[in-house]
Amino acid sequence: MTVDDLGHDVPLPGPPARVVSLVPSITEALATDVPERLVGATDWCTHPAGLDVTRVRGTKNPDLAAIRALSPDLVVANKEENRELDVRRLRDAGVPVWVTDIETVPQALTSLTRLYDEGLALDAPDWLRAARARWSAPVPQVRGRVVVPVWRDPWLVVGPRTYTGDLLRRLGWENAFDAGEDRYPKADLADLDRDDIDLVLLPDEPYVFTADDGPEAFTRVPTRLVSGRLLTWYGPAMVEAYDALSG
């Protein structure tokens with residue numbers, strides 16, 4: 001019997017043939033590599049385009065009855081994105097659940113390698129090998145300080161111990177809010193639009209910042225619209241993130 005990232009036993013008598021993913025980034029990976037195994041995903045699983053599997057509602061409110069009805073051999077979840085209560089209820093119903101725990105780029109690479117090897121009985125896919133090669137470079141010197149809002153009214157930003165913050169640091173950017181207890185702290189606009197910050201990155205998820213909604217709030221700091229998928233999705237997006245954001 002193997003264990004997930006949190007050390008919980010995952011009873012897998014053999015390679016799972018029917019998988020439900022509650023993690024959008026991992027859904028993209030599975031739909032790319034083993035589409036015949038993926039039978040269910042959340043409404044937030046938007047990649048790849050045209051994904052045709054049973055939808056089981058959201059990451060925070062999955063339809064547990066619908067998941068059970070799919071008779072999955074394995075459900076893939078994530079510590080941050082999915083509720084422990086839902087994971088426990090699925091396990092109590094006899095459904096094997098593999099929970100990932102990812103707060104850094106190296107953790108993502110290790111976690112996904114284990115999921116493919118031990119959970120799915122698959123060799124590492126090409127994108128995972130490419131991601132490992134790209135992100136293996138030493139952490140560069142800091143070239144500037146950034147803020148990454150994830151919501152507006154109230155303003156919420158990426159804080160410490162996040163995959164996004166670690167990814168940006170490995171691209172040479174220091175997260176201006178990389179301290180404190182709250183991983184996504186609330187902040188006043190004046191705390192974001194100040195002279196000691198070099199750039200504000202405005203992603204299109206979870207809040208959909210656009211050219212008309214977000215940049216106009218900042219008068220001191222330059223802004224840049226960016227794909228939220230590149231900042232937060234561990235999986236095939238890791239390759240795109242490095243290529244698009246490292247320059």
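What's counted below: heavy atoms across the whole structure, side chains too, no hydrogens, waters or symmetry copies. Start at 1 with the first residue, then count along the sequence.
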query: What residue among Glu205, Met238, Glu240 forms side chain to side chain contact (heavy atoms under 4.5 Å, CB included) with Trp233?
result: Glu205
Within the 3.5 Å criterion, strictly below it, is a donor on [X] or [Y] matched to an acceptor on the partner's side chain?
{"X": "Arg134", "Y": "Ser246", "value": "no"}
{"X": "Trp127", "Y": "Asp33", "value": "yes"}
{"X": "Thr219", "Y": "Asp193", "value": "yes"}
{"X": "Thr100", "Y": "Asn78", "value": "yes"}

- prompt: Is atom CG of Asp92 surrounded by more than 12 heavy atoms (other residues, nucleotides or ligands) closer than 6.0 Å?
  reply: yes
task: Classify the angle between the aromatic ring planes of Phe209 and Trp155 as parallel (below 30°), tilted (30 to 60°) or perpendicular (above 60°).
output: parallel
Pairwise distance [atom1]([X]) to [atom2]([Y]) - rounded to 0.5 angstrom:
{"X": "Leu38", "Y": "Leu30", "atom1": "CG", "atom2": "CG", "result": "6.0 Å"}
{"X": "Tyr184", "Y": "Arg161", "atom1": "OH", "atom2": "CZ", "result": "10.5 Å"}
{"X": "Lys60", "Y": "Leu85", "atom1": "NZ", "atom2": "CG", "result": "12.5 Å"}

Testing the basics here: between [X] and [Y], what is the closest heavy-atom pair and its distance to 0.1 Å?
{"X": "Leu245", "Y": "Arg224", "answer": "CD2-NH2, 3.8 Å"}
{"X": "Gly228", "Y": "Pro203", "answer": "CA-CB, 3.7 Å"}
{"X": "Val97", "Y": "Val10", "answer": "O-CG2, 3.5 Å"}
{"X": "Ala31", "Y": "Leu51", "answer": "CB-CD1, 3.7 Å"}

task: Tell me whether the centres of the aromatic rings in Trp135 and Tyr163 are closer together than 6.0 Å.
output: no
query: Does Asp198 pair with Arg143 as a salt bridge, N-O distance under 4.0 Å?
result: no
message: Looking at Arg169 and Asp178, is there a salt bridge between them, counting it only when a charged N and a carboxylate O are closer than 4.0 Å?
response: no
- prompt: Hey, is the main chain of Leu231 close enough, under 3.5 Å, to the side chain of Thr164 for a donor-acceptor pair?
  reply: yes
